[in-house]
Amino acid sequence: MRWSRFYLNTVREVPRDAEVASHRLMIRAGMIRKVAAGIYTYLPLGWRSLSKLETIVRGELAKADCIELSMPAVQPSELWMESGRWDRYGNELLRITDRHDREFCFGPTHEEVITDLVRHDITSYRQLPVNLYQIQTKFRDEIRPRFGLMRGREFLMKDAYSFHADGSGLEETYQDMRRAYDRIFTACGLDFLRVEADSGAIGGSVSHEFMVTAKTGESVVVQCPKCGYGANQERAEAGDLEAPEPQESTLASEVATPGKTGVEEVAEFLKVDPRRVVKTLVYDTDHGVVAVAIRGDRELNEVKLGNFLNTTAVELAGEATILAATGAPVGFAGPVGLAPDVRFLADESVRALTAFVCGANKGDAHLTDVEWGRDAAPEAWGDFLTVDADDPCGRCGSPLQVSRGIEVGHIFKLGTKYSEPMGCTFADENGSDRAMEMGCYGLGIGRTVAAAIEQNHDENGIIWPLPLAPFEVLVAPLSDRDPALLEVAEKLYAELAAQGVDVLLDDRAERPGVKFKDADLIGFPVRLVIGGKSLAEGKVELSLRRDREKMAVSVTDAVEKVAELLQREQPGETQ
RNA sequence: CGGGGCGUGGCGCAGCCUGGUAGCGCACCUGCUUUGGGAGCAGGGGGUCCCGAGUUCAAAUCUCGGCGCCCCGACCA
């Protein structure tokens, strides 16, 4: 491909509204252009990277016997009513009405459509398992789209769905898909983690997320370097925390703590270890008001609380609710003497505490020397803790590590969550009808490409892992006037292209500086510069974007050397 | 939805407070020079100042209403 005939326009000024590197660089490099909030045009250069990822995905899924099809983006409301999600999915579901006033939605995911398909075609256990996927445009009306392709409203997703006669069949395919995902992200040349995750709105029992590690990632990942345990922070569980020194207990007594609402303030004021202060948080849920006690120095995990209560509607209560529940303004809630209609739960982190401090449920007052059992008792103990770095691993006790990642894939065991309500059944060996076990497997195409940039860039631009680079090699003659330069450039370009190398010829009438800056910005993994000085000695200049080290190679060796470098840049090769 | 900010040639911005000629840099076009890290000089083209209403002799500027966009928090591939 010749630059002059490819639709590729880089931009010098950094766009004002792009904050993160991948967003900025994709716009500057001419890969995407915004059309509306969270909605982008994929320009030819960007589309090439996305297509390369799609090719990798297709190849690896084929090995897992996952079969491609394509479902409609626009889906009738009836199917969503059957599954119950028409009402439950909320505002993220873009609902549209046709000319006959029939309701449709633009698909954010395709469980309903695929289940409808399979229930009509599959009737016997002999036809199972079935594993189908598509790569398709989804729309989720996100509350806040941001970061370019990282969180768009319209986005490309690979979504796969499997159907099984029983749990063991599901387990087998789930593991096949897990391995396929491992292969896909490895083949992309990305550093990634596979972690246990909360299954969220899609539902189901078991799920794993694939995270591309990046400092700017939106997800927080907990891992154990010793035993390999890894989980999304939303789900991560720790072992028992080290308890603060036990304390002699006297009778619970009230102390005045005027204006001291935060745990830090109270601990300092009363000269106690913050770990011996019990923090009581009041939540509004669709199961009524719930108070939860947790150790003063720790954060509560609302996802865990929601799971415990079997709801997603968990919100910190407002002042009025807190006053009604505790009889005190915000900042003085405690386990002793809560209103009778308030459910009281406690995190394991406070279970071992003795003679602790807590809010008095009374303005400007706290209680000291409070004891579980004697003074207060939760309705239930549970794990509501947000795990932090250095907490002990629940499996092996080693200190956990916390890092950030970008969620690029998520695989779920759905069980019969959709097959049951939608009547997706089959006849088993005994001829009786059973709901199919289902799995579903998502992978964000645009997000993965954005994550690759997030993980691989410098101040000059993108540093593509070879498999996702829009072009592998740039051939750049430094002048458009010197016929000798052009002749060599054309020849090398033609030879590389003939060998099947993805090569772009920078045939623009631009000055050298412009060509270098653009080459760095777009991040061609291999660059072949043809300049007057070196060509006088029969040489051209070869360099890798990754290290920018320049090598002079003779014109006759150039193509071979490029092939060697490309080989070295393949993931898995030592560099 | 809560909190903050922005909307002025293609892009990045100034002008607005204190109403009166729409301006700068980049990009673009023409010419000359230049040609190994975003060139120089000269000339040139291009703007419903987000939309609507109001105030005023006069509105980019003041007032009201709308729309769009971005950033920080709860959602997710």
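Here the structure is a predicted model, which is why all the values come from computation and not from measurement. Chain letters run A, B, ... following the sequence lines, proteins first, then strands; residues in each count from 1.
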Quiz item: Whole-Å distance between B/rG38 C1' and A/Ile522 CD1?
Solution: 13 Å
Quiz item: So, is A/Arg146 close to the B/rC70 phosphate, meaning a side-chain N or O under 4.0 Å from OP1 or OP2?
Solution: no
Self-check item: Spacing between A/Asn91 atom CG and B/rC76 atom P, to the nearest angstrom
Solution: 13 Å
Self-check item: No-H, no-angle donor-acceptor pair, A/Arg447 side chain to B/rC76 base, under 3.5 Å
Solution: yes
Quiz item: Considering only heavy atoms and no angle criterion, is a donor-acceptor pair shorter than 3.5 Å present between the side chain of A/Ser479 and the base of B/rG36?
Solution: no
Quiz item: For the pair made of CD in A/Glu315 and P in B/rG2, what is the distance, rounded to whole Å?
Solution: 12 Å
Practice problem: Tell me, please, whether A/Phe155 has A/Lys138 positioned over its six-membered ring: NZ or CZ under 6.0 Å from the ring centre and within 45 degrees of its axis? | Solution: no
Quiz item: Base, sugar-phosphate alone, or nothing: which one does A/Tyr181 contact when heavy atoms must sit under 4.0 Å apart?
Solution: nothing
Quiz item: Is there a residue in residues 523-532 of chain A whose heavy atoms reach under 4.0 Å of RNA chain B, and which residues are they?
Solution: A/Arg527, A/Gly531
Practice problem: Using a 4.0 Å heavy-atom cut-off across all strands, classify A/Arg153 as base, sugar-phosphate, or nothing. | Solution: nothing
Self-check item: Spacing of the C1' atoms in B/rU18 and B/rA59 (rounded, Å)
Solution: 14 Å
Quiz item: Which nucleotide sits closest to the side chain of A/His410: B/rA77, B/rG38, B/rC75?
Solution: B/rA77
Quiz item: Under a 3.5 Å cut-off for both distances, is B/rA74 Watson-Crick or wobble paired, and to whom?
Solution: none
Quiz prompt | Euclidean distance, A/Ile143 CD1 relative to A/Arg146 CZ, rounded to 0.5 Å | solution = 9.5 Å
Self-check item: Whole-Å C1' distance, B/rU21 and B/rC49
Solution: 15 Å
Quiz item: Any stacking of A/Phe516 on B/rG36, going by centres under 5.5 angstrom and planes within less than 30 degrees?
Solution: no
Quiz item: For atom P, what is the distance between B/rU55 and B/rU48, given to the nearest Å?
Solution: 26 Å
Self-check item: 5' precedence on RNA chain B between A/Ala36 and A/Gly446 (nearest-nucleotide basis)
Solution: A/Ala36
Practice problem: With heavy atoms under 4.0 Å as the rule, sort A/Gly148 into base, sugar-phosphate or nothing. | Solution: nothing
Quiz item: Between A/Phe384 and A/Phe308, is the gap from one ring center to the other below 6.0 Å?
Solution: yes
Quiz item: How many angstroms lie between atom CD1 of A/Ile522 and atom CG of A/Leu25, to the nearest 0.5 angstrom?
Solution: 11.0 Å
Practice problem: Write down the partner of B/rU30 under the Watson-Crick or G-U wobble criteria, each distance required to be under 3.5 Å. | Solution: B/rA42
Exercise. Could you give the distance separating B/rU35 and B/rG40 at their C1' atoms, to the nearest angstrom?
Key: 12 Å
Quiz item: Touch check for A/Val11, heavy atoms < 4.0 angstrom, all strands: base, sugar-phosphate only, or nothing?
Solution: nothing
Quiz item: If you check the A/Val514 side chain, which of B/rC71, B/rG38, B/rG37 turns out closest?
Solution: B/rG38
Quiz item: Paired with B/rU35 by Watson-Crick or G-U wobble geometry, both distances under 3.5 Å: which nucleotide is it?
Solution: none
Quiz item: How many Å lie between NZ on A/Lys34 and P on B/rG68, as a whole number?
Solution: 12 Å
Quiz item: With rounding to whole Å, what would you report as the distance between B/rC16 and B/rA74 at their P atoms?
Solution: 39 Å
Quiz prompt | Distance, nearest 0.5 Å, that separates NE2 of A/His410 from CE of A/Met211 | solution = 8.0 Å
Quiz item: Do A/Glu541 and B/rG36 share a donor-acceptor pair, side chain to base, under 3.5 Å?
Solution: yes
Exercise. Indicate, with a heavy-atom threshold strictly under 4.0 Å, whether A/Lys158 touches base, sugar-phosphate, or nothing.
Key: nothing
Practice problem: Identify the two heavy atoms, one from A/Val221 and one from A/Gly405, that lie closest to each other, and give their separation to 0.1 Å. | Solution: CG2-N, 4.3 Å
Quiz item: How would you label the contact of A/Ser534 with the nucleic acid (heavy atoms, under 4.0 Å): base, sugar-phosphate, or nothing?
Solution: base
Practice problem: Would you classify A/Glu142 as touching base, sugar-phosphate or nothing, given that sugar-phosphate means primed atoms plus P, OP1 and OP2, and contacts are heavy atoms under 4.0 Å? | Solution: base
Quiz item: Rounded to the nearest Å, what distance is computed from the CZ atom of residue A/Arg16 to the P atom of nucleotide B/rC71?
Solution: 10 Å
Practice problem: Let me see the working for A/Tyr181 and A/His208 under side-chain hydrogen bond (donor to acceptor under 3.5 Å, both in side chains), right down to the final yes or no. | Solution: CA-CA 11 Å; A/Tyr181 273 49; A/His208 285 88; over 6 Å; no
Self-check item: Integer angstrom distance from the P of B/rC67 to that of B/rC24
Solution: 35 Å
Quiz item: Within this structure, what is the CZ-to-P distance between A/Arg508 and B/rA39, rounded to whole angstrom?
Solution: 12 Å
Quiz item: With distance as the sole criterion, is a donor-acceptor pair present between the side chains of A/Glu111 and A/Tyr418 under 3.5 Å?
Solution: no
Quiz item: Does B/rG19 have a Watson-Crick or wobble partner in any strand here, with both distances under 3.5 angstrom, and which is it?
Solution: none
Exercise. Kindly indicate whether the side chain of A/Arg151 and the base of B/rC76 share any N or O donor-acceptor pair separated by less than 3.5 Å?
Key: yes
Exercise. If B/rC69 has a Watson-Crick or G-U wobble mate with both distances under 3.5 Å, name it; if not, just say none.
Key: B/rG5
Practice problem: Go through the side-chain N and O atoms of A/Asn131 and A/Thr173 and say whether any donor and acceptor fall under 3.5 Å apart. | Solution: no
Quiz item: Does the B/rG38 base have a donor-acceptor partner in the side chain of A/Arg28 within less than 3.5 Å?
Solution: yes
Quiz prompt | P atoms of B/rG7 and B/rU63, separation to the nearest Å | solution = 15 Å
Practice problem: Please work out if A/Asp518 contacts a base, only the sugar-phosphate, or nothing of the nucleic acid, heavy-atom cut-off 4.0 Å. | Solution: base
Quiz prompt | Cation-aromatic face contact A/Arg95/A/Trp80, 6.0 Å, 45 degrees | solution = no
Quiz prompt | Nearest-Å distance once atom P is located in both B/rU61 and B/rC51 | solution = 10 Å
Quiz prompt | Atom-to-atom span, CZ of A/Arg144 to P of B/rC75 - whole angstrom | solution = 13 Å
Self-check item: Pair assignment for B/rU56, Watson-Crick or G-U wobble, requiring both distances under 3.5 Å
Solution: none
Quiz item: Under 4.0 Å between a side-chain N or O of A/Arg511 and OP1 or OP2 of B/rU34?
Solution: no
Quiz item: In the structure shown, which nucleotide is the Watson-Crick or G-U wobble counterpart of B/rG25, with both distances under 3.5 Å?
Solution: B/rC11
Quiz item: Run the side-chain contact (heavy atoms from CB on, under 4.5 Å) check on A/Arg178 and A/Ile411 step by step: do they pass?
Solution: CA-CA 8 Å; A/Arg178 196 215 77 210; A/Ile411 61 176; 3.9 Å; yes
Quiz item: Rounding to a whole Å, what distance do you find between A/Leu521:CG and B/rG38:C1'?
Solution: 11 Å
